[in-house]
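Comments concern the structure below.
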Amino acid sequence: MQIAIDGPAGSGKSTIAKLVASQLGFIYCDTGAMYRTATVMAHRLGLDYGDEAAIMTHLKDLEITFKPTPEGQLVFMDGVDVTHAIREPEATNNVSQVSALPQVREEMVARQRQIAATSDIVMDGRDIGTTVLPNADLKIFMVASVAERAKRRYKENVAKGIETPLDVLADEIEARDRKDSTRAVSPLREAADAIRIDSSAMTIEAEVATILKLVAEKR
Ligand code: DC
């Protein structure tokens, strides 16, 4: 069974996707983490974020792997733990540029389909229901207001000791939405057959329960 969860930054999709996967015993694939890892690779090699040819030369042989642990999923780049590095501002602020490169997307989509072929899966991202897994059994499109998403990011940041004003976070979220929705290749778009869930006023438990009910109906 394939469950595709798409939505804009901060809509809560990865939190929900992880919980749904663990309740169902499915694997969870965080496709955003793959684009973020490519961005960290470019940075560590000193490559220009727009240099598609150079990025592709190195990305072709780059191994990106996930390891589930009780504390959360770890991400490795050629065996090196990049779980934290991929969430640093350097990666967050440049991943939109790297993920807009057509060949990078082609490579990642191929890898994502391979991963999905191995097991029942919950995959989250921006183009899962439209491009990566167009035949997914269930497609969810999660949305939440910019104000609510900024509030959530603010709380996460405070927990990590990062102090960014709420209005700056809201501006960043809007900018990223714009970039992700207007890029030429595989933009953030709701699949025609997706079910839209607005999480602005829902608890995490309610969102998970809603999706599990939809899964049960599909089964
Ligand atoms: O979900 P996230 O914030 O970790 O995603 C990071 C970036 O990667 C985001 O700016 C959009 C991009 N992305 C994408 O283009 N396609 C995906 N399937 C997943 C993420």
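Bear in mind the structure is a predicted one, so any value in this text is a computation, not a measurement. Indexing begins at 1, ligand by ligand and atom by atom, following the structure's order.
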Inset, instruction - Go through the side-chain N and O atoms of R152 and T15 and say whether any donor and acceptor fall under 3.5 Å apart. - result: no
Inset, instruction - Report yes or no: does a heavy atom of S96 sit under 4.0 Å from some atom of ligand 1? - result: yes
Legend entry - Contact check, Q97 vs ligand 1, heavy-atom distance below 4.0 Å: no
Legend entry - N-O pairing of D127 and R183 below 4.0 Å: no
Inset, instruction - Around atom 20 (C) of ligand 1, find the nearest protein heavy atom and jot down its residue, atom name and distance. - result: G32 CA, 3.5 Å
Inset, instruction - From the options D120, T118, V122, select the one residue that forms a side-chain contact (heavy atoms from CB on, under 4.5 Å) with I27. - result: T118
Legend entry - Check: T31 and V132 side chains under 4.5 Å, non-hydrogen atoms: no
Legend entry - Stepwise salt bridge (charged side-chain N to carboxylate O under 4.0 Å, His left out) test for R87 and D30: CA-CA 13 Å; R87 309 284 162 201; D30 174 356; 3.2 Å; yes
Legend entry - Any K13 heavy atom less than 4.0 Å to ligand 1: yes
Legend entry - Within 6.0 Å of CG in L62, more than 12 heavy atoms from elsewhere: yes
Inset, instruction - Can you figure out which of V132, D30, T31 has its heavy atom closest to atom 19 (C) of ligand 1? - result: T31
Inset, instruction - Give the single entry among K179, R105, M108 that approaches atom 15 (O) of ligand 1 most closely by any heavy atom. - result: R105
Inset, instruction - Could you say whether the N/O atoms of R176 and ligand 1 ever approach to under 3.5 Å? - result: yes
Inset, instruction - Provide, to 0.1 Å, the distance between atom 8 (O) of ligand 1 and the closest protein heavy atom, together with that atom's residue and name. - result: V95 CG2, 3.7 Å
Legend entry - Carboxylate-amine/guanidinium proximity below 4.0 Å for D180 and R126: yes
Inset, instruction - May I ask you to check if ligand 1 and Q112 share an N or O to N or O distance below 3.5 Å? - result: no
Inset, instruction - Starting from atom 4 (O) of ligand 1, find the nearest protein heavy-atom neighbour and note its residue, name and distance. - result: R36 NE, 2.7 Å
Inset, instruction - Using distance alone, determine whether R183 and ligand 1 share an N or O pair under 3.5 Å. - result: yes
Legend entry - Residue R87 vicinity, atoms of ligand 1 by number, heavy atom under 4.0 Å: 4 (O)
Legend entry - Side-chain donor-acceptor pair present, T92, R36, cut-off under 3.5 Å: yes
Legend entry - Taking atom 1 (O) of ligand 1 as the reference point, the nearest protein heavy atom with its distance: R126 NH1, 2.9 Å
Legend entry - Residues, nucleotides or ligands: over 12 heavy atoms within 6.0 Å of K160 NZ: yes
Inset, instruction - Measure the distance from atom 12 (C) of ligand 1 to every protein heavy atom, then report the residue, atom name and distance (to 0.1 Å) of the closest one. - result: S99 OG, 3.6 Å
Legend entry - Under-4.0 Å heavy-atom contact with ligand 1, by part of M123 that carries it: neither
Legend entry - Residues E172 and R176 bridged, charged N to O under 4.0 Å: no
